[in-house]
Amino acid sequence: MNRRGAGPFAVFGVGPENAVILMSNDTPDKPDEDEDWMKYANAGFGETDYSLWDDQPAEQDEAEEEPDFDLNSTPNQLGTHMEEIPRAPSPAGHKHLVRIGTCDHCLGRLGGKKRYEQTIAESGAEIRASVVQRDSHLENARTEIPLCPFCENLYEEADLLADIIHDAIQPYEATRLQLGARIPKDQIAAEEELRKRLGAGGSDALKSGLVTEIARNLNDRLNGKKLVNDKPQILALIDVLTLTVELDIRAHYLYGRYQKLERGIPQTRWPCRACKGRGCEKCEGTGLQYKKSVQDLIGNPLLGLFEAKEHAFHGMGREDIDVRCLGQGRPFVIEMKEPKIRTVDLDAAMKSINELAEGSIKITGLRSSNRSEVVRVKDTPAEKSYTIRFRVMPLSEAEHAVLTAPVDLTHVDVQDRGGKGRKNPKRRNRRGDRKNDHKKPLPAVIEVVEGPSEEELKALKKAELVEKAEALGLSKSGTKGDLIERIMNAGPPAPVMFDLPEADFIKETIDKLAGVKLFQRTPERVAHRRADLIRKRTVFETSKPIIETMPDGVLEVEFTLRCESGTYVKETVHGDGGRTQPSLSSLIKAKCDVMWLDVGDIHAD
């Protein structure tokens, strides 16, 4: 019989009828109980691959014979010649780096042995010396393989690139310099794959290591310039393919306030409508619609002081070309592009600008600024005070109906102000959005056709009355009075005029305008460049108006109001044909012909 198994139990027999379980002599006797013998099998006792119920006894697994070792064969794990090569900083890793022609800079960068205040070239030389000391046959490895597989000998050009950068930045005054490199993507990817396989963990990448090496060479020659990683005044960008350097000269910013003391001057440059800024006879070759602008009056004198190429103007809003800006003035930031000089006596510059402006503008508080203040100036919704003067003229009932026509309030206010307090902040709708598209034109205002009044017809000659009668298909016979009567009866009714309001009623209405919420559709005068929609604006305060009766008997009213940023003040007074509701004209039932408007102050600080 075969005997399989080990331990205190053994199995004898070859068939189920001969299977007997015997207990060895060293096992103590136990009471005869109905116990589950499978718990021993589950515990690992008596395990065997032999089955008592098999017809044939299980054959024992024969140990596989190991094949004879072939000295000429290559193990599978060396198929790529890389898998068994350890990474640096192991000695074998250093040896392989030297063997494949790695330069000293990359040896120091990837070797993992660089000490504090030691350059990567010095560290690489030490690693090479230690490898050659052990394996003298690698002494000429760098000569035999002259191209470094990691940097392609870029580090050998570090001194040359440092010299190019040093010479390029000499004409520019700056205190903050940043270096960058433009390296082909395939070269970066190949170096990264090789570095991760053979270099020490945490080794510098090709680009950062090259920039660091150039910066080390530059440090001693910068003369007051500091190498930084953000917010540079000059960015030197290295092109490793052509070994050239491109300078990105960052702009210099100045903040101040300007007062516009003369009407007819735009805030920024206005290209000539005829030539679109190219220069023509109409604009006398300047390319400008207006020879003067606030931007040029401030920026042109500064170009010479900063030796800059161009300037850009950023204002806290803008006033119309026929509107003066008084009070403290409007905050602005002017951007001097690619300046060679950054240290300028700003008080002297401000004095020079005011003298050259010859009373057209005046600036105050000029100081150095930064790019973030441009965002603040552009995005601050400051309240403004205005002074406006207008003439009170008769208004017809039909014209009043237009001023008070219903407004389509489904197209309201896409300028979300005070977004922090909104319960459901949403993205501003863009042109082309299908849902709630605030950009599509609103319905046109009501047009009321009115016939000529009797006074207007009496002022015409009889021949002109005959022409009107023929146009209306009326008889042209009779006297002038007969013709007037026929035309009045046949044509549209003469307009019914409101009585002119009393001065006290005008004052009372202006006082009640404080706190009123306005609904302002984009005015026709700016509709060509602004989205056609309705904006909600608030009038906060109004002053006691000054009402004067002129020699011709017409009332002229002047008052000051403080309102929300973005309010169309002229339209608040005359109504713009019903585009602004309510308007002062609709409330006093009289035409308000605006004579002039001034920005009294901008409450930004």
Check your understanding: What distance do Ile85 atom CD1 and His96 atom NE2 have between them, rounded to the nearest 0.5 Å?
Key -> 3.5 Å
Check your understanding: Once you round to the nearest 0.5 Å, how far does CD1 of Ile120 lie from OH of Tyr155?
Key -> 5.0 Å
Review point. So does Asn140 have more than 12 non-hydrogen atoms from other groups sitting under 6.0 Å from CG?
Key: yes
Check your understanding: Are side-chain N/O atoms of His137 and Arg99 paired as donor and acceptor at under 3.5 Å?
Key -> no
**Study point:** Lys113 vs His94 side-chain heavy atoms within contact, under 4.5 Å
**Key:** yes
Review point. Under 4.5 Å between any side-chain heavy atoms of Glu564 and Thr567, yes or no?
Key: yes
**Study point:** Glu126/Arg115 salt bridge by N-O under 4.0 Å criterion
**Key:** yes
Practice item. Would you indicate whether the side-chain heavy atoms of Leu206 and Cys151 approach each other to under 4.5 Å? Key: yes
**Study point:** Pairs involving residues 164-193, ordered by first then second residue, that meet salt bridge (charged side-chain N to carboxylate O under 4.0 Å, His left out) (sequence neighbours left out)
**Key:** Arg109-Glu191, Arg176-Asp230, Arg182-Asp239, Arg182-Glu246, Glu191-Arg195, Glu192-Lys196, Glu193-Arg197
Review point. Are a donor atom and an acceptor atom from the side chains of Asn217 and His166 found within less than 3.5 Å of each other?
Key: no
Review point. So do the side chains of Phe150 and Leu194 get within less than 4.5 Å of each other, counting heavy atoms only?
Key: yes
Review point. Are Arg269 and Asp296 close enough that some pair of their side-chain heavy atoms sits under 4.5 Å apart?
Key: yes
Check your understanding: Is there a salt bridge (Lys or Arg N to Asp or Glu O under 4.0 Å) between Asp601 and Lys384 once you walk through the steps?
Key -> CA-CA 6 Å; Asp601 207 351; Lys384 300 177 181 68; over 6 Å; no
Review point. Counting only heavy atoms not in Lys207, do more than 12 sit closer than 6.0 Å to its NZ atom?
Key: yes
Point to revise | Ionic contact status for Glu156 with Arg142, cut-off 4.0 Å | key: yes
**Study point:** Output field: ring centroids Phe332/Tyr255 closer than 6.0 Å
**Key:** no
Check your understanding: How long is the span from the CD atom in Glu383 to the SG atom in Cys563, to the nearest 0.5 Å?
Key -> 8.5 Å
Practice item. Enter the distance from Cys325:SG to Arg257:CZ here, rounded to the nearest 0.5 Å. Key: 9.0 Å
Exercise for review: Evaluate the side-chain proximity of Glu307 to Pro339: yes if any heavy-atom separation is below 4.5 Å, no if none is.
Suggested key: no
Review point. Side-chain contact, heavy-atom cut-off 4.5 Å: Arg221 with Asn223?
Key: no
Check your understanding: Has Glu284 got more than 12 heavy atoms of other residues, nucleotides or ligands less than 6.0 Å from its CD?
Key -> no
Review point. Under 4.5 Å between any side-chain heavy atoms of Glu335 and Val374, yes or no?
Key: no
